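The chains referred to below are lettered A, B, ... by the order of the sequence lines, with proteins before strands, and numbering in each begins at 1. For clarity, every value in this text was computed on a predicted model and none was experimentally measured. All values below come from the heavy atoms of this structure, side chains included, with hydrogens, waters and symmetry mates left out.
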Protein chains: 2
Amino acid sequence: MVTLLDVAKKANVSKMTVSRVINHPEQVTDELRELVEQAMQELNYQPNYVAQALVNNRTNVVKFVTLEDIDTTEPYYMNLLFGIAQGLSKKQYAIQLVTDRKQIKEGNFDGYLITGARSSDYSLFDELAKPFVLFGENHRGFDFVDNNNQLGGEIATKYALSRLYRNVIFIGIDVREPFEVSRETGYVNTLQQNKLIPQIYRIPNHSHAAQKIIKENLGKFHHDTCFVCASDRIAIGVVRQLLNEGAKVPEDFGVIGYDGVFLDQVSNLKLTTVKQPIFAMGELLAKMLLQKIEQDGSPQGEAMLKPKLIRRQSTR
Amino acid sequence: MVTLLDVAKKANVSKMTVSRVINHPEQVTDELRELVEQAMQELNYQPNYVAQALVNNRTNVVKFVTLEDIDTTEPYYMNLLFGIAQGLSKKQYAIQLVTDRKQIKEGNFDGYLITGARSSDYSLFDELAKPFVLFGENHRGFDFVDNNNQLGGEIATKYALSRLYRNVIFIGIDVREPFEVSRETGYVNTLQQNKLIPQIYRIPNHSHAAQKIIKENLGKFHHDTCFVCASDRIAIGVVRQLLNEGAKVPEDFGVIGYDGVFLDQVSNLKLTTVKQPIFAMGELLAKMLLQKIEQDGSPQGEAMLKPKLIRRQSTR
DNA sequence: TTGTATGCGTTATCAC
DNA sequence: GTGATAACGCATACAA
């Protein structure tokens with residue numbers, strides 16, 4: 001392993017000069033700096049992050065805590081993780097994945113990225129002794145990254161109206177969590193701006209629940225309705241049952257999903273959906289946490305990235 | 001932070017004694033050992049893995065390298081990752097996720113876990129300066145963990161025959177990679193043992209390709225056929241198209257998938273499938289790598305875990 | 001501007 | 001069996 005000392009010898013300087021070239025290049029003369037940089041090049045010097053971490057009382061490790069049950073069919077988290085990894089890579093941070101709550105406080109690490117948090121988990125956060133950032137909207141003042149759920153609800157609803165579906169119905173998830181409330185709000189606001197009456201169903205987040213609701217209520221729906229759904233799973237169930245019933249999609253019924261997880265591999269129809277910039281969200285999440293760690297836990301605020309409507313085959 | 005020295009003071013011993021209690025407890029008298037252990041308890045001492053890593057010339061970090069395209073990554077990767085995390089957690093190792101090949105050699109780390117490797121990647125491995133273990137069967141002598149693909153092919157085929165489908169057709173993936181060849185071999189061997197003639201189609205790993213092959217060939221298939229598929233994706237496409245064509249599943253046509261990724265959320269029918277013990281595979285992968293690191297790169301061999309047939313609704 | 005000394009927390013080595 | 005000391009690679013404080 002090439003160390004500071006090796007570089008120092010080659011450049012005929014002390015190792016402090018080498019250290020400074022790396023951390024405070026402005027404090028060293030151009031001449032020496034170039035000499036040192038050349039020596040680093042030639043020796044292919046790679047700083048030892050472990051030694052750095054030890055002096056700085058850091059570990060270069062963050063915990064990624066998943067509080068909900070992971071449903072492996074969602075490519076979603078994998079993308080999030082890759083985004084996080086990207087955000088961490090510049091400072092050479094590594095990840096410990098945590099699903100067991102007992103492991104939350106174990107070992108050495110510098111902070112947390114937390115996902116799948118429900119309101120009932122908020123009390124847990126007060127106990128955490130290290131900086132953390134949540135993945136997912138909350139209104140308790142905890143730093144977070146999310147997509148702008150309200151905007152997403154608006155985008156979907158506005159698009160449905162622009163496609164001239166006469167009715168726009170929201171099929172939400174039956175949890176009163178902020179992300180759901182915000183998506184609904186986006187829908188409701190848009191309808192009211194257009195002097196239309198909101199109509200909301202709330203069901204479990206499974207395609208089968210969505211199929212059921214369509215099956216039971218299809219008679220009630222006009223043949224000119226767009227369903228704005230709170231998730232792609234729900235949307236897929238809606239589409240499937242509509243097709244099962246012989247309804248025409250997208251001509252008579254439109255369907256818009258949420259998440260932007262493309263399940264084309266397994267779904268009948270390419271779904272129009274509100275896509276979250278998952279990778280970018282993961283990257284930002286990581287950067288916020290690293291900054292928070294560096295700033296000794298100072299608040300980073302709330303970051304809501306813009307979702308984007310992807311027009312595909314389930315709307316006309 | 002509580003250090004060895006803090007514990008030593010409390011127990012009125014030197015820090016070396018404390019260190020020994022942790023690493024070589026047999027070298028210290030029972031009396032002192034208990035004293036030290038009590039002090040550790042009271043102070044809630046947690047060893048500093050960074051300091052350990054520094055002195056051991058380790059980093060406590062491994063790279064998880066995904067060589068295939070993120071978009072095509074299988075849904076089971078998330079489970080794999082959690083299995084890996086579990087296997088790493090005992091030694092408090094952390095993960096760096098790598099998708100960009102440029103990052104493969106960057107930074108400090110102790111070894112690699114590599115997934116998505118194709119034959120064309122093998123040359124890359126010879127350049128790696130650190131220990132690695134592959135996720136996925138190979139016959140070049142690289143240490144790996146996989147499920148027993150040949151056994152999986154056998155299990156599926158035997159089950160199809162036991163359900164008295166008169167014909168059993170294999171729908172494979174059109175790559176000549178070891179996992180695919182092995183699955184096919186399991187199928188072929190089983191058919192030949194039963195004096196039946198193998199019939200194999202090879203298509204891209206997409207449900208749409210599977211739909212196409214069924215659509216184009218349905219006329220040729222007897223109404224008493226079971227399709228043994230090389231992936232769940234393919235199986236889902238087969239089921240969907242069979243249903244589209246009005247065929248009876250599972251009565252006239254059986255379908256068996258491979259992977260055990262339950263896509264119930266989005267599929268019409270609960271798939272009979274060969275399930276790999278993904279989590280356990282991840283855990284083993286991690287343990288093999290840790291051992292290999294500890295043993296300075298000594299070969300760990302090949303580990304093939306048993307897949308398991310999950311009987312569900314796509315077979316009679 | 002540059003170099004020297006010291007310490008981060010742990011473990012191995014060698015005395016006692 | 002136990003303790004003092006040096007070392008891992010780096011960065012901060014201080015001296016030159």
J.: Would you mind classifying the nucleic acid contact of B:V13 as base, sugar-phosphate or nothing, using non-hydrogen atoms under 4.0 angstrom?
T.: sugar-phosphate

J.: We want to know whether B:Q46 and A:E106 form a side-chain donor-acceptor pair, criterion being a heavy-atom distance below 3.5 angstrom.
T.: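 A:E106 and B:Q46 do not have a side-chain donor-acceptor pair below 3.5 Å.
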
J.: Using a 4.0 Å heavy-atom cut-off, does B:V28 contact any base of the nucleic acid, only the sugar-phosphate backbone, or nothing at all?
T.: sugar-phosphate

J.: Just call it for B:Y45: base, sugar-phosphate, or nothing, with non-hydrogen atoms closer than 4.0 Å on any strand.
T.: sugar-phosphate

J.: Hey, where on DNA chain C does chain B first and last touch, going 5' to 3'? Cut-off is any atom under 4.0 Å from a heavy atom.
T.: C:dG9 to C:dA12

J.: Looking at CZ of A:R58 and NZ of A:K91, how far apart are the two atoms once the value is rounded to the nearest 0.5 Å?
T.: 8.5 Å

J.: Return the 5'-most residue of the pair B:L32, A:N56 with respect to DNA chain D, ranking by each residue's nearest nucleotide.
T.: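 Upstream on the strand: B:L32.
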
J.: Looking at every heavy atom in both B:N108 and B:T59, which two are closest together, and how far apart are they?
T.: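 In this case the closest contact between B:N108 and B:T59 is CB-CG2, 3.6 Å.
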
J.: Between which nucleotides of DNA chain D, read 5' to 3', does contact with chain B run, using atoms under 4.0 Å from its heavy atoms?
T.: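 Nucleotide range with atoms under 4.0 Å of chain B: D:dG1 to D:dG9.
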
J.: For A:A51 and B:R20, find the nucleotide of DNA chain D closest to each by heavy atoms; which residue's nucleotide sits nearer the 5' end?
T.: B:R20

J.: When you look at B:R140 and B:D126, which way does the salt bridge (charged side-chain N to carboxylate O under 4.0 Å, His left out) test go after all the steps?
T.: CA-CA 11 Å; B:R140 296 287 190 92; B:D126 297 325; over 6 Å; no

J.: Describe, in one word, how the ring planes of A:F132 and A:F125 are oriented to each other, choosing from parallel (under 30°), tilted (30 to 60°) and perpendicular (over 60°).
T.: tilted

J.: Look at all strands and tell whether B:L5 reaches a base, only sugar-phosphate, or nothing, counting heavy atoms closer than 4.0 Å.
T.: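 Nothing, no heavy atom under 4.0 Å.
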
J.: Donor-acceptor pairs under 3.5 Å, side chain of residues 31-45 of chain B to any protein atom, not counting sequence neighbours: which ones?
T.:
residue, atom, partner, partner atom, Å
B:R33, NH1, B:D30, OD1, 3.0
B:Q38, NE2, B:E42, OE2, 3.1

J.: Identify whether any heavy atom of B:N57 sits under 4.0 Å from a base atom; if not, whether one sits that close to sugar-phosphate; answer base, sugar-phosphate or nothing.
T.: nothing

J.: If you round to the nearest 0.5 Å, how far is CG of B:N60 from CG of A:N60?
T.: 11.5 Å

J.: Does this structure show an ion pair linking A:E283 with A:K90, if we count only N-O contacts that are shorter than 4.0 Å?
T.: yes

